[in-house]
Number of protein chains: 2
Amino acid sequence: MADVAQVAGVSAQTVSRVLRDPAGCTPETRERVEAAIRSTRYVQNLAASHLASNRSMTVAAVIPQIAASVFAETLQGLSNVLLQAGYQVIIGHSDYSHEREEDVVRSLLGRRPDAFFLVGTRHTDAVREMLQRAAIPVVETWAWTRKPIDQLVGFSNHEAIAAAVAYVQRRGYARPVFVAAARPGDDRARERLEGYVSGMARHYAGQPARTVVMEDLPYTMGSGRVLLDAARTQFPDSDVLLFSSDLLASGALLACQRQGIAVPRQLAIVGFGDYEVGRELNPGLTTVAVPTVRMGEEAARMLVQRLRGEPVAARRRDLGFELIERGSA
Amino acid sequence: MADVAQVAGVSAQTVSRVLRDPAGCTPETRERVEAAIRSTRYVQNLAASHLASNRSMTVAAVIPQIAASVFAETLQGLSNVLLQAGYQVIIGHSDYSHEREEDVVRSLLGRRPDAFFLVGTRHTDAVREMLQRAAIPVVETWAWTRKPIDQLVGFSNHEAIAAAVAYVQRRGYARPVFVAAARPGDDRARERLEGYVSGMARHYAGQPARTVVMEDLPYTMGSGRVLLDAARTQFPDSDVLLFSSDLLASGALLACQRQGIAVPRQLAIVGFGDYEVGRELNPGLTTVAVPTVRMGEEAARMLVQRLRGEPVAARRRDLGFELIERGSA
DNA sequence: CTGTTAGCGCTTTCAC
DNA sequence: GTGAAAGCGCTAACAG
């Protein structure tokens, strides 16, 4: 910056001013400085800027898995809006483990982000405490709770599955089974299981909850195949399977195709998440759509508002879900 | 850090030492300091550390799109290995545009990453120059070139598609068509197109290259449906379609299913990338597998070696590809 | 093995 | 509108 200042014939302070508040100096000064920046190929050192100004212009985001497409979509929404506002996103992933999340949050806090984005509303006490002490805006997503750490933009996994149960009941299915791959730390999957149980109590009074939940399965279409076989073995008289994810449901539907099981006549299938693959299958996958991208965008907007010191309308925003009826159920 | 030092009864320097080289002090000192860190809930400010040490312990990565699953997988591989070595990844995305890539690289350089990861080998001159001046290890991926900016770990998109052409020729297909969605800045798609053209010259001497390439289509299964229709209209006598991506091929295959086009008897389909969906379809998708995750891991290993000052065996590593024969062709 | 000193490259504050 | 001085929180280099 000193070099640029010398070339432009001004003080370093003026260079800094041109960079952060161009309106604060005369147009000629500004142009001279900008020319000097170009000719010297100067790239501002943001670590020094951060240290001096106490603002890092970054937002930390922790998601369960980078390669999980739904979270990547949320991240894309978050990142798009945040970049507009001049913020960079730094990403960590927890591998669906609360302990790893704690480590990741601690490590990301070392970079002094100006705000924090989390997937889920269940965290260790240490995480809640660290974030509270950091005294920065925090937004939780992909779930619902009465008491967020700070802000919340999401939907109720519980209600979403309950709505699916209501739907299959309305369509006359007799024995719905809930089928899931659910890592121990995957609270969303857990909440969906609970939603199924309470949906059964509400809409299939007297019937037992029937579930096939495996903890050690990856979230892939191949696991859907495995779960289909398990469900058929365990509940051979079931007429509809509610999956915790479209990925699993799609794998199961394609496996049915191979095994000559007619969907939905012999066995109906409901997914969760409205992944693209479900739209293209034959028959199309009946599913519950959730606002994947919008959660990221809205979370970003809420954070930016807070960072600008603007008042925020509501600390919690329920973006809801939508049951999408296609051929599979 | 001064607070921690006071609580532990040592100097700030000793706290710093415990954090970066625990072996460099007596176990008792170390334990006193660690206890003080816990009791004060100290989180080291990495921006200050970066400024003082001139090492940010970050690696910048630019990918075309965060929500594109193949790049997310590469990123996961990169991130896993780098985290082990103590490096954080900061991510930017170019939206398949060279101009945006330039902006993103400039902005990421402001954070003074210790190394740089890029997808692709074609970049603007400004990008090459900025990275050269930064004088940090750079690794390019997902393609092949004789003259990388610095290091390269990838495969030849050109050869990969040529191999697919050779395969369909061997299997007796008469009129292969190359079908792609290819954004203007998507060099990988472009290289695949070139690979098809030269594969045709080699294996179908005398035949014209037949291509259906759309520039304004998203990389989704839905686009595969659109492209299938276009290809059937433009080349009704074609007996095999080579797609630039499994996503497109899968969409097309499912559309064939709906339209009653028998695959592969009436029309064969070859994909690219070995996405999971292709493995589950009926028939399974014949495709070219590329080392998605391994490229990230190997790139990370090469960078870490360089950052540690260790000698690197080779500046370029060709991870190759593999033709996977399934039912669709 | 531990402490002291001097800065890293910026921004804030306050003069002018 | 612009410049000078001080300092952000840490680490390198050196001394002891």
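Lettering of chains follows the sequences in order, A, B, ..., and the numbering in each one begins at 1.
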Per [X] side chain, nearest of listed nucleotides [options]:
X       : options               : value
B/Ala48 : D/dC10, C/dC10, D/dG3 : D/dC10
A/Cys25 : D/dT2, D/dG3, C/dT2   : D/dT2
A/Ser53 : D/dT2, D/dT11, C/dT11 : C/dT11
B/Tyr42 : C/dT2, C/dC10, D/dC10 : D/dC10

May I have the distance from [X] (atom [atom1]) to [N] (atom [atom2]), rounded to whole angstrom?
X       : N      : atom1 : atom2 : answer
B/Asp21 : D/dC10 : CG    : P     : 18 Å
B/His50 : C/dC8  : NE2   : C1'   : 9 Å
A/Gln44 : C/dC8  : CD    : P     : 17 Å
A/Arg20 : C/dG9  : CZ    : P     : 17 Å
A/Asn45 : C/dC8  : CG    : C1'   : 9 Å
B/Arg17 : C/dC1  : CZ    : P     : 10 Å
B/Met1  : C/dT4  : CE    : P     : 15 Å
B/Leu51 : D/dG7  : CG    : C1'   : 12 Å

Original post:
Are the side chain of B/Asp114 and the backbone N or O of B/Ser56 linked by a donor-acceptor pair below 3.5 Å?
Top reply: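 Yes; at least one donor-acceptor contact below 3.5 Å.
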
Original post:
Sub-3.5 Å donor-acceptor pair from the side chain of A/Arg41 to the main-chain atoms of B/Glu129, do we have one?
Top reply: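 Not at all, since once roles are kept as given, no pair shorter than 3.5 Å links the two residues.
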
Between [X] and [N], does any side-chain N or O lie under 4.0 Å from OP1 or OP2?
X       : N      : result
A/Thr26 : D/dG1  : no
A/Ser49 : C/dC10 : no
A/Thr29 : D/dT2  : yes
A/Thr14 : D/dG3  : yes

Subject >> Earlier contact from the 5' end, DNA chain C, for B/Gln13 and A/Gln13 >> reply: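 Its nearest nucleotide lies further toward 5', so the answer is B/Gln13.
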
Original post:
Closer to the 5' end of DNA chain C via nearest nucleotide, is it B/Arg30 or B/Ala52?
Top reply: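 It is B/Arg30 whose nearest nucleotide is closer to the 5' end.
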
Subject >> Sequence-distant partners of A/Arg316, side chain to side chain donor-acceptor pair (under 3.5 Å), two or more places apart >> reply: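 With sequence neighbours excluded, A/Arg316 shows a side chain to side chain donor-acceptor pair (under 3.5 Å) to no residue whatsoever.
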
Original post:
What's the shortest heavy-atom distance between A/Glu102 and A/Val127, and which atoms?
Top reply: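 Taking A/Glu102 first and A/Val127 second, the nearest heavy atoms are CA-CG2, 3.6 Å.
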
**OP:** Run through A/Arg306, A/Arg315, A/Arg317 and flag the one making a side-chain hydrogen bond (donor to acceptor under 3.5 Å, both in side chains) with A/Gln151.
**Re:**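 Result for side-chain hydrogen bond (donor to acceptor under 3.5 Å, both in side chains) with A/Gln151: A/Arg306.
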
